[in-house]
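All values reported here derive from a predicted model rather than from experimental measurement. Protein chains get the first letters and strands the later ones, always in sequence-line order, with residue 1 at the start of each. Hydrogens, waters and symmetry mates are skipped; everything else that's a heavy atom, side chains included, is used.
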Number of protein chains: 2
Amino acid sequence: MSVKHSTQHKILDAAQTLFAETGFTDTSLRQITSMAEVNLASVNYHFGSKKELIQAVLQRYLVVLMPRLDQEFTRLLAVQQPNSLSQVLSVFVKPLLELNKVHQNGARIFLQLLGRGYTDVQGHLRWFFNHNYGRVLDKLVLLVQQACPDLPPSELFWRLHFSLGTVVFTMASNEALAEIAEADFNEKVDIEGVILRLLPYLSAAIAAPVATVTPLSYTAPKMASEGI
Amino acid sequence: MSVKHSTQHKILDAAQTLFAETGFTDTSLRQITSMAEVNLASVNYHFGSKKELIQAVLQRYLVVLMPRLDQEFTRLLAVQQPNSLSQVLSVFVKPLLELNKVHQNGARIFLQLLGRGYTDVQGHLRWFFNHNYGRVLDKLVLLVQQACPDLPPSELFWRLHFSLGTVVFTMASNEALAEIAEADFNEKVDIEGVILRLLPYLSAAIAAPVATVTPLSYTAPKMASEGI
DNA sequence: GCGTGTTTGAAATGTACGTTTGAATTTAAA
DNA sequence: TTTAAATTCAAACGTACATTTCAAACACGC
């Protein structure tokens, strides 16, 4: 962190904060440039458009995170015996927390932005992400498949997306949740705390036994009666 | 479904579809009234404002769903021995699927809207929801607490929100996921299929053993060792 | 110190939004 | 049929937005 920040830097810093808090659509360039104390036109001068600013904000973290993840995945794939699921999921922790070196609270901000990117419409973000980093995630799928050999591929597909939802939603509403947690349980929870709480949850979830029941047997196990 | 739809009805139908697809902020009243084939001013005439329209769209489902859930929760709370977690979660299935009687694809649409409500800024929706239906959800918390007596309250809080994220995100990206699933695995998955896949996932997740490890021990387990 | 290319500044452009208005039209009770 | 209320309609209002423009200020190699 240098003492003097360039205009680009100031814009990125203000943009990531506001985007994470308020979402991409609900944050205006006027808010960003006002917080960054730069001229409104400088966003379009330096980044071209709001869309490209959004990608630049994410890219600052992705170029750090994804090669690190790729490296971890490759390392795990190289070992002889398959890794356990919790081993696989654990490799996310350090690379994510190292985003705090990119910027203060970088890990939290990045995950919030990721959540916004998936829930806001922003179709260009999905494309941008899959196009640039799709092959890294293929390795993750392979690792989970090795860790849970009994899981049919389609079930694994769904569970990985369920898990993505867990993470992304949690981070998108992270502020609100942390506030409630502190008010109700007197426990201060930072991003690291949330990640560590997520690991056992996701490990158990992804490795859950596959239901063999038919839809009908799931309707109210208690009283029995009445179909859907 | 009557052959003639009132203006209110047409507005609600168009609004729920567009809100679910595009989110609340990114859907304009002009899009809604255009799809509903009614005059722009009729939204403010019938509902007062966009904010109140959003609440009316959700309310149409909540007034059906929440009393049903409340009734199921009360029934489960009345039994002598505590219910299993999967019994508790199963009671969601029928009430949710009955939303399909409120409107075609009602269950999917409602869950998508719920997701939008949590991730969009829309502070008024959180308030609206907690204020009207908070005590119903208190019963759910109690039931889960009985089913998982070893789970500390704060851990339960987080896991319930993780689970909410799983459901809400899955429904928000339901269309895309169902398309991929059909293309990659040749399996047609409807809302019921997704819900039934969610149950074992969530049961295992919520009941997962609480991690007793310290943060540091989670940094790259390296090789074998360590359980979940 | 000068002159060129880069960056910033204030202002304006055009578009889209939620909301309001008041007259026209439809509805339904008397 | 009359009449008053409820509803629909086209148009406009004021605001906020992303983006553009172009002159001023700046940086810095010569």
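In this structure, A:F73 and A:F92 have perpendicular ring planes: the angle between them is above 60°, well past the 30° mark.
Note: B:F157 CZ to A:D184 CG = 6.5 Å, rounded to the nearest 0.5 Å. Taking CG of B:L96 as the reference point, atom CD1 of B:I191 lies at 8.0 Å (rounded to 0.5 Å).
Checked for salt-bridge contact, A:R197 and A:E187 meet the test: a charged N lies under 4.0 Å from a carboxylate O. Contact check on A:R60 versus A:D13 returns a salt bridge, with a Lys/Arg side-chain nitrogen under 4.0 Å from an Asp/Glu carboxylate oxygen. A salt bridge links B:E72 with B:R68: at least one charged nitrogen is closer than 4.0 Å to a carboxylate oxygen.
Between the C1' atom of D:dC9 and the CD1 atom of B:I11 lies a distance of 13 Å, rounded to the nearest Å. For B:F47 and C:dT19, the CZ to P distance is 13 Å, given to the nearest whole Å. What separates CG of B:D26 from C1' of D:dC17 is a distance of 13 Å, to the nearest Å. Rounded to whole angstrom, the span from the CD atom of A:Q31 across to the C1' atom of D:dT15 amounts to 14 Å. Per the geometry, NZ belonging to A:K10 stands 11 Å off C1' belonging to C:dT8, to the nearest Å.
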Polar atom pairs between nucleotides 5-7 of chain D and protein, under 3.5 Å, N or O only, would you list them?
from, atom 1, to, atom 2, distance (Å)
D:dT7, OP2, B:Y45, OH, 3.0

Are there any protein N/O atoms within less than 3.5 Å of an N/O atom in nucleotides 18-22 of chain D, and if so, which ones and at what distance?
from, atom 1, to, atom 2, distance (Å)
D:dA18, OP1, A:L29, N, 3.2
D:dA18, OP1, A:K50, NZ, 3.0
D:dA18, OP2, A:L29, N, 2.9
D:dA18, N7, A:R30, NH1, 2.8
D:dA18, N6, A:R30, NH2, 3.0
D:dT19, OP2, A:N44, OD1, 3.4
D:dT19, OP2, A:K50, N, 3.0

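Using modelled atom types, one finds a donor on one side chain and an acceptor on the other under 3.5 Å when comparing B:T166 with A:T166. A side-chain donor-acceptor contact under 3.5 Å links A:S49 and A:E52. Residues B:Y45 and B:T7 have side chains that never bring a donor and an acceptor to within less than 3.5 angstrom of each other. Using modelled atom types, one finds a donor on one side chain and an acceptor on the other under 3.5 Å when comparing B:Q112 with B:R108.
Distance alone, capped at 3.5 Å, places no donor-acceptor pair between the B:T27 side chain and the B:F24 backbone.
With a cut-off of 3.5 Å on both pairing distances, the Watson-Crick and G-U wobble pairs of DNA chain C assemble into stems of 3 or more at C:1-30 with D:1-30.
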